**Q** 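Can you read through this structure? Questions will come right after.
None of these values were measured; they are calculated from a predicted model. Numbers restart at 1 for each chain; the letters A, B, ... are given by sequence-line order, proteins then strands.
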Number of protein chains: 2
Amino acid sequence: MAAVDPQEQAQGSRDEIMRAAMRLFADRGFHETSMSEVAREARVSKALIFWHFKTKEDLFMAVLNRLLEPYFIDFGEETELDERAQILKLVEMYLLFVRDHANSVRFFLAQLLHDEHRGENLGSQVLQLYTGYRNLLTSLLAQAQQKGSCAHGYTAESAAAFLLSALNGFLIDFLFMRDSALNPENALTMVREWLFGESGQGSRADGQAVA
Amino acid sequence: MAAVDPQEQAQGSRDEIMRAAMRLFADRGFHETSMSEVAREARVSKALIFWHFKTKEDLFMAVLNRLLEPYFIDFGEETELDERAQILKLVEMYLLFVRDHANSVRFFLAQLLHDEHRGENLGSQVLQLYTGYRNLLTSLLAQAQQKGSCAHGYTAESAAAFLLSALNGFLIDFLFMRDSALNPENALTMVREWLFGESGQGSRADGQAVA
DNA sequence: TCTCGTGCTAACCACTCGGTCAATAGGTTG
DNA sequence: CAACCTATTGACCGAGTGGTTAGCACGAGA
C-alpha cells in the first residue's frame with residue numbers, strides 16, 4: 001500500500017487548520033477565537049498549529065490574506081460594450097460580489113472598524129481596491145457624459161462618489177436586513193433608472209419583484 | 001466640615017465606572033476590554049464594579065443603553081415647512097448626527113456586525129429607529145410627489161430606500177475615509193440636486209466647496 | 001544500524017480572565 | 001453600645017489563555 005507522502009499530509013493539515021481558523025475568525029472575530037477551539041475544529045493538536053504558524057497573529061494574517069484573494073479580480077475592460085453597459089456591468093459585479101461574499105465582507109468590515117493596529121495593512125489594501133473601482137467608474141461616467149448618454153448636472157467625480165455611496169448603502173442594507181427587498185437585481189434596476197432614466201425591461205423600480 | 005453624602009458618592013463612583021467602561025468598550029470592544037482595565041481607568045477596585053453591576057455583560061448593557069440615548073430624538077414635524085424643506089432637514093439631521101456621533105456610530109456598527117447574541121436587543125432597537133426614519137422619509141416624498149415638486153419615475157418607497165442607502169453610504173464613507181471630500185454639506189447638496197434638480201445657492205455639486 | 005529532520009502530540013507553564021469573599025469603615029437605627 | 005446597612009477593598013479562585021517543551025513515530029541518507 002502506498003504510504004501517504006508526509007509532505008503532502010503536512011500541507012493537508014496546514015490547510016485544515018486554515019479552513020477551521022477561517023470559519024472561526026470570520027464569525028467570532030480574533031479575540032473571541034481561541035487556539036484550542038481552532039485546534040478542536042481542525043482536529044489537530046494545539047501544538048501543531050504553533051508548529052505551522054509562529055503565533056496566533058501569524059495564523060490570523062494568513063487567514064486574512066486568503067480571505068482577501070477573491071477581492072482582487074480584474075474588471076476586464078470589455079471594450080466591445082458601450083460605456084453605459086460597462087457601467088452597469090461594473091455595478092452589477094459589485095452587487096453580486098457582495099451578495100456572494102457576504103460573510104467575508106462582513107468580516108472585513110468588522111475588522112476595519114475594530115482593530116486599528118491589525119487594520120493598518122488591511123485598510124490600505126481595501127482602500128486601494130476601493131479607489132481603483134471608483135476611478136474606473138469615474139472615467140466611464142465621464143466618457144458617457146461626453147457622448148451625452150448620461151447627462152446630469154454634476155461632474156463625473158461626484159456622480160461616481162454618489163453612486164458608490166449608494167452601492168455601499170445597499171451593502172450595509174444587505175448585510176443587516178437580510179430579508180430586505182433590496183436584492184441585487186432591484187438595486188441594479190434602480191441604479192439604471194437613476195443614471196439613464198430607463199425603466200428597465202419589465203422590472204419595476206419600487207423594490208418589489210413582479211409576481 | 002460637611003461629610004459627603006455616601007449615597008451621592010456611590011452614584012458618583014457608579015458614574016465613573018460607566019464613563020470609563022464607555023470609553024474602553026467604545027474603542028476596544030467587549031472582549032478586548034477587561035474588568036481590571038475598567039477598574040484602573042475608573043480608579044476603583046475591580047470588586048466595586050461587581051458590586052454595582054452583577055456581571056460584565058450587565059455593565060456592558062448599561063453602557064450600551066446610555067450610548068443609545070442620543071439616538072432617540074424626535075424628528076419634530078415642523079409643519080410650517082413645506083415637504084421639500086422637511087425632507088432636506090431630515091437628511092441634514094441624519095448627516096450631522098453621524099458626523100457628531102461618529103464614535104458611537106462606529107461602535108454600534110461594530111457591535112451589530114459582530115456579536116449576534118448581544119446584538120439581538122440592540123439590533124431591534126436600531127431597526128426600529130431605522131424604519132421609523134424611512135417611513136417618515138417615504139411619506140414626505142409621497143406628499144412631495146403628489147404636489148409635483150419632486151417628480152421621478154420611481155415610487156416614494158423606492159426613492160426613500162435609495163436615498164437612505166445613499167445616506168448609509170455616506171456614513172461608511174465618512175467612517176472609513178475620514179479625509180474624504182464627502183462632508184455633510186456636500187452630501188446634502190448632492191442629495192438636493194438629485195431629488196429636486198436644484199443646483200443649490202452658490203454651492204457646487206462636485207463635492208468641492210466654492211473657495 | 002545509527003542518526004537526523006519532519007510532522008505531530010500530551011503535558012506543561014506563566015499569566016490573565018471574570019467573578020467571589022471576608023473584612024473594613026462609616027453612617028443609621030434600636 | 002449593639003445591630004445593621006451601604007460602599008468599598010485586597011486577596012483570592014478556578015477556568016481558560018497563548019505559547020513551550022520533551023518526546024515519539026517514521027522515512028531518508030550515511
Side-chain angles (χ1 to χ4, degrees), chain A residues 1-64 111 114-115 117-118, chain B residues 1-64 111 114-119:
Chain A
M1 153 149 58
V4 278
D5 178 359
Q7 205 159 341
E8 198 172 299
Q9 190 184 336
Q11 187 56 47
S13 57
R14 189 189 158 94
D15 246 52
E16 199 61 49
I17 291 167
M18 283 197 60
R19 269 207 295 279
M22 249 169 71
R23 278 196 295 275
L24 291 171
F25 281 143
D27 67 46
R28 288 226 236 295
F30 181 77
H31 289 277
E32 298 85 330
T33 301
S34 78
M35 296 302 259
S36 313
E37 282 176 303
V38 176
R40 200 179 318 126
E41 184 90 356
R43 280 166 309 196
V44 275
S45 72
K46 193 176 58 162
L48 182 59
I49 304 181
F50 285 98
W51 187 84
H52 280 294
F53 306 90
K54 216 168 45 168
T55 65
K56 186 185 181 184
E57 204 93 13
D58 247 41
L59 171 59
F60 182 79
M61 285 303 176
V63 165
L64 192 143
Q111 211 51 44
H114 206 354
D115 275 306
H117 64 288
R118 239 190 320 281
Chain B
M1 158 152 51
V4 279
D5 178 2
Q7 205 160 341
E8 198 173 298
Q9 189 183 337
Q11 187 55 48
S13 57
R14 188 189 158 94
D15 245 54
E16 200 62 49
I17 291 168
M18 283 198 60
R19 267 207 296 279
M22 248 168 72
R23 278 196 297 274
L24 291 171
F25 282 142
D27 66 47
R28 290 226 238 295
F30 181 78
H31 288 278
E32 298 84 333
T33 301
S34 77
M35 295 302 259
S36 313
E37 283 177 301
V38 177
R40 200 181 317 125
E41 184 90 356
R43 279 165 310 195
V44 230
S45 72
K46 194 176 59 163
L48 183 60
I49 304 182
F50 283 97
W51 187 84
H52 280 292
F53 305 91
K54 217 169 44 171
T55 66
K56 187 186 182 185
E57 205 92 12
D58 248 42
L59 172 59
F60 182 79
M61 284 305 176
V63 165
L64 193 143
Q111 210 50 46
H114 205 347
D115 275 305
E116 306 86 14
H117 64 288
R118 236 191 321 282

**Q** Quickly work out the A/Arg40 CZ to D/dG16 C1' distance and round it to whole Å.
**A** 11 Å
**Q** If the plane angle is over 60° it's perpendicular, under 30° parallel, otherwise tilted; pick one for A/Phe30 and A/Phe25.
**A** parallel
**Q** If you measure from CZ on B/Phe60 to CE on B/Met22, what distance do you get to the nearest 0.5 Å?
**A** 12.5 Å
**Q** For the residue pair B/Thr55 and B/Phe50, what are the closest heavy atoms and their distance?
**A** CA-CE2, 4.3 Å
**Q** Looking only at heavy atoms, which two atoms of A/Val38 and A/Leu59 are closest? And how far apart?
**A** CG1-CD2, 4.3 Å
**Q** Check whether A/Lys56 reaches the backbone of A/Thr33 with its side chain - one donor and one acceptor, N or O, closer than 3.5 Å.
**A** yes
**Q** Do the charged groups of B/Arg40 and B/Glu37 touch, with an N to O distance under 4.0 Å?
**A** no
**Q** Measure from the side chain of A/Trp51, starting at C-beta and using heavy atoms only, and say which of C/dG7, D/dT8, C/dT9 lies closest.
**A** C/dG7
**Q** Side-chain N or O of A/Ser13 versus OP1/OP2 of C/dG7: is the shortest distance under 4.0 Å?
**A** no
**Q** To the nearest angstrom, how far is A/Ile49 atom CD1 from D/dT20 atom C1'?
**A** 14 Å
**Q** A/Leu48 has an atom CG; how far is it from atom P of D/dC24, in whole Å?
**A** 18 Å
**Q** Could you check how far CD1 of A/Ile17 sits from P of C/dG7, rounded to whole Å?
**A** 12 Å
**Q** Using a 4.0 Å heavy-atom cut-off, write out nucleotides 17-24 of chain C from 5' to 3' as B (base contacted by protein), S (sugar-phosphate only) or - (no contact).
**A** SBBBB---
**Q** Between B/Phe53 (CZ) and D/dA7 (P), how many Å, whole number?
**A** 13 Å
